[in-house]
Engineer: 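The following block contains the structure, expressed as structure tokens.
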Amino acid sequence: MAGDLLAEFEWRGLLSQASSPDELAAHLNSGTRAIYCGFDPTADSLHIGSLVPLLALRRLQVLGHKPILLLGGATGLIGDPSFKAQERALNGPDVVAGWVAKLRTQVEAFVDFDCGEQSAIIVNNLDWTADVPVLDFLRDVGKHFSVNAMIQKESVKQRIEREGEGISFTEFTYMVLQSFDFAKLNELHDCTVQIGGNDQWGNITGGIDLTRRMNRQRVFGITLPLVTKADGTKFGKTESGTIWLDPAKTSPYSFYQFWLNAADEDVYGYLRLFTFLQQNEIEAIEAADAASTGRRSAQGILATEATRLVHGDAGLEAAQRISDALFSGEFANLAEGDLEQLALDGLPSTEVDGTGMTLLDALVESGLAQTPRGEVTLGQARKFVQGNAVSVNGQKISDTEAMLARENALHDRFHVLRRGKKLFHLLKWR
RNA sequence: GGAGGGGUUCCCGAGUGGCCAAAGGGAUCAGACUGUAAAUCUGACGCGAAAGCUUCGGUGGUUCGAAUCCACCCCCCUCCA
């Protein structure tokens, strides 16, 4: 029924490590298995880093398994030290609980909760940890862990060995908690497989060992690759910050643009990781691009597919509408309603009063005059204008004394400000 | 509790009384080139048009003058107990 699931993961580049691959394959191909992945609330939204495991759960469900989405209401209070260079500040219980609620609505969109045996479920590890007495926990769970083995884990080794850093007992304990989750889910929901990012390997194997010791059950782990970029910079960040899944934090337009700007070296790998396109389809795209000289088609396909997965058809349409309008440069041809729609679609916009303002003020007002450090200053606005980086309604302006007059606005109401190649802002006269 | 090392502008990291708004690298931003790429080149990179103002863990002090010296405090790391 499941087909050769691991083979599917393999060609997509989704397989980083797997415990006992042969037995795991047999296990997955011989029935519906409950497979879990945890998501810790470290912010009020997930970002695209979580997209790989989220989509992996969906792929597993499509292939006949039952996804369990675990929200780290408990682990989020502790903080995962895995491969983190520094100890992190603790977040308050109320804050974490609020984030859990937000993540819940977010992850729900990715799996099916009503499809019989494979229906997904959502759990919160706070439910089985909050009321465990410390002494019971230390005796029943802690006894199974060897500190000698724990400090050997690659994930914490650098923290322990690195001069100038350290690790608190709190974070050191994280692995024990996550391992306990696996054992608990095994007991409560017959969960036998855990997936996670490659940085989770240490935590996952900890859970495998604990489940064997506490429940006498054989369970498995799979890790997914951490997405990288060919140029070595961190995946998922742009000049304007992290790419979030929450449309209120990263508009579908920005999300779409993020994928559209993927590097050629990365884009075909991303098609495998972030879309449900089949192997032959992706290979066809690759071949077509190799045969042409201009812009690659892959980025557009990736942006379209990924945006639809996360923001739906409506989000995708909005994103494309804005992109087409802005990058065609044909502002004059846009109808008043079109411009209005762009603002509704998520193009950043600001309303201003009066009959005119200086260009520099407009750049500050709109937030476009942002320094590399993230501050918005008049001086930076001046630098941009002097550096020929600013255009208004498609016209480059390099005069720092320039005024924006309402009478020159498109449809008497709009100025489209552009700073650099890719940053736009709509100024609306009230 | 004892001994030692350390906290510099987003990050790493020089700087040990004036020439320091603070070397160098990275990241970031802009321009040119281009495909809304990559690579490369150029410029910017505390605030300010400028004068000047505000920065080097914190608070006081010494001095004409301090990131640099002194005192106390906070935080981090290593080793010992």
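From a predicted model like this one, the values you see are computed outputs, not experimental measurements.
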Engineer: Tell me, please, whether A/F331 has A/R418 positioned over its six-membered ring: NZ or CZ under 6.0 Å from the ring centre and within 45 degrees of its axis?
Structural biologist: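 Checked: cation-pi criterion not met.
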Engineer: Would the distance check show the side chain of A/S391 and the main-chain N or O of A/K396 forming a donor-acceptor pair, the cut-off being under 3.5 Å?
Structural biologist: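 Such a contact is absent between A/S391 side chain and A/K396 backbone.
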Engineer: In whole Å, what separates the C1' atom of B/C20 from that of B/U54?
Structural biologist: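 The answer is 15 Å between these two C1' atoms.
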Engineer: Taking atom P in both B/G31 and B/C75, what distance in whole Å separates the two?
Structural biologist: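 Looking at atom P only, B/G31 and B/C75 are 47 Å apart.
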Engineer: Could you check whether A/T42 and A/D40, counting side-chain N and O atoms only, form a donor-acceptor pair closer than 3.5 Å?
Structural biologist: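 There is no such pair between these side chains.
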Engineer: Got a list of protein N/O to nucleotides 47-53 of chain B N/O distances below 3.5 Å?
Structural biologist:
{"from": "B/G48", "atom 1": "OP1", "to": "A/L378", "atom 2": "N", "distance (Å)": "3.2"}
{"from": "B/G48", "atom 1": "OP1", "to": "A/G379", "atom 2": "N", "distance (Å)": "3.0"}
{"from": "B/A49", "atom 1": "OP1", "to": "A/R382", "atom 2": "NH1", "distance (Å)": "2.6"}
{"from": "B/A49", "atom 1": "OP1", "to": "A/R382", "atom 2": "NH2", "distance (Å)": "3.2"}
{"from": "B/A49", "atom 1": "OP2", "to": "A/R382", "atom 2": "NH1", "distance (Å)": "2.7"}
{"from": "B/A49", "atom 1": "O5'", "to": "A/R382", "atom 2": "NH1", "distance (Å)": "3.3"}

Engineer: If pairing requires Watson-Crick or G-U wobble contacts with both distances under 3.5 Å, which nucleotide is the partner of B/U59?
Structural biologist: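 Here B/U59 is engaged in a pair, and the nucleotide opposite it is B/A71.
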Engineer: For A/A298 versus A/Y268, what's the shortest heavy-atom pair and its separation?
Structural biologist: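 Nearest pair, atom of A/A298 first, then A/Y268: CB-CE2, 3.4 Å.
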Engineer: Taking the ring centre of each residue, are A/F327 and A/F424 less than 6.0 Å apart?
Structural biologist: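 Close enough - the centres of the two rings lie under 6.0 Å apart.
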Engineer: Take atom C1' in B/A21 and the same atom in B/U55, then report the distance between them in whole Å.
Structural biologist: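 Here B/A21 and B/U55 have their C1' atoms 8 Å from each other.
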Engineer: Say we look at B/C10 and B/A22: how far apart would their P atoms be, to the nearest angstrom?
Structural biologist: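 B/C10 and B/A22 have their P atoms separated by 16 Å.
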Engineer: By the definition ring-ring contact (aromatic ring centres under 6.0 Å, His included), identify the one residue from A/F235, A/F274, A/Y253 that meets it with A/F258.
Structural biologist: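 So, applying the ring-ring contact (aromatic ring centres under 6.0 Å, His included) to A/F258 and each of A/F235, A/F274, A/Y253, only A/F235 qualifies.
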Engineer: When the C1' atoms of B/A14 and B/U8 are considered, how many whole Å apart are they?
Structural biologist: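 To the nearest whole Å, 10 Å.
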Engineer: Show the distances under 3.5 angstrom between N or O atoms of the protein and N or O atoms of nucleotides 31-38 of chain B.
Structural biologist:
{"from": "B/U34", "atom 1": "O4", "to": "A/K421", "atom 2": "NZ", "distance (Å)": "3.3"}
{"from": "B/G35", "atom 1": "O6", "to": "A/D264", "atom 2": "OD2", "distance (Å)": "3.0"}
{"from": "B/G35", "atom 1": "N1", "to": "A/D264", "atom 2": "OD1", "distance (Å)": "3.3"}
{"from": "B/G35", "atom 1": "N1", "to": "A/D264", "atom 2": "OD2", "distance (Å)": "2.8"}
{"from": "B/G35", "atom 1": "N2", "to": "A/D264", "atom 2": "OD1", "distance (Å)": "3.0"}
{"from": "B/U36", "atom 1": "O2'", "to": "A/N261", "atom 2": "OD1", "distance (Å)": "2.9"}
{"from": "B/U36", "atom 1": "O2", "to": "A/Q257", "atom 2": "OE1", "distance (Å)": "2.9"}
{"from": "B/U36", "atom 1": "N3", "to": "A/Q257", "atom 2": "OE1", "distance (Å)": "2.9"}
{"from": "B/U36", "atom 1": "N3", "to": "A/Q257", "atom 2": "NE2", "distance (Å)": "3.2"}
{"from": "B/U36", "atom 1": "O4", "to": "A/Q257", "atom 2": "NE2", "distance (Å)": "3.2"}
{"from": "B/A37", "atom 1": "OP1", "to": "A/K422", "atom 2": "NZ", "distance (Å)": "2.9"}

Engineer: Would you say the side chains of A/S323 and A/Q257 form a donor-acceptor pair under 3.5 Å?
Structural biologist: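 Side chains of A/S323 and A/Q257: pair found under 3.5 Å.
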Engineer: Tell me which nucleotide, if any, is Watson-Crick or G-U wobble paired with B/A3 when both distances must be under 3.5 Å.
Structural biologist: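 Its partner is B/U78.
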Engineer: For B/G18 versus B/A67, give the span between their C1' atoms, rounded off to a whole number of Å.
Structural biologist: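 Roughly 13 Å separates the two C1' atoms.
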Engineer: Suppose you measure atom C1' in B/G61 against the same atom in B/U68; what distance do you get, rounded to whole Å?
Structural biologist: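 B/G61 and B/U68 have their C1' atoms separated by 15 Å.
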Engineer: For B/G60 versus B/C74, give the span between their C1' atoms, rounded off to a whole number of Å.
Structural biologist: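 Going atom to atom, C1' in each nucleotide, I get 15 Å.
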Engineer: Does B/U36 pair with anything, Watson-Crick or G-U wobble, both distances under 3.5 Å, and if so, with which nucleotide?
Structural biologist: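 Partner of B/U36: none found under 3.5 Å.
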Engineer: Please say whether the positively charged group of A/R59, taken as NZ for Lys or CZ for Arg, lies over the ring of A/F9, i.e. under 6.0 angstrom from the six-membered ring centre and within 45 degrees of the axis.
Structural biologist: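 Output no; distance or angle outside limits.
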Engineer: Search all heavy atoms of A/A74 against all heavy atoms of A/T129 and return the closest pair with its distance.
Structural biologist: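 Heavy atoms of A/A74 and A/T129 come nearest at CB-OG1, 3.1 Å.
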Engineer: With both distances under 3.5 angstrom, what nucleotide forms a Watson-Crick or G-U wobble pair with B/G43?
Structural biologist: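 Base-paired to B/C29.
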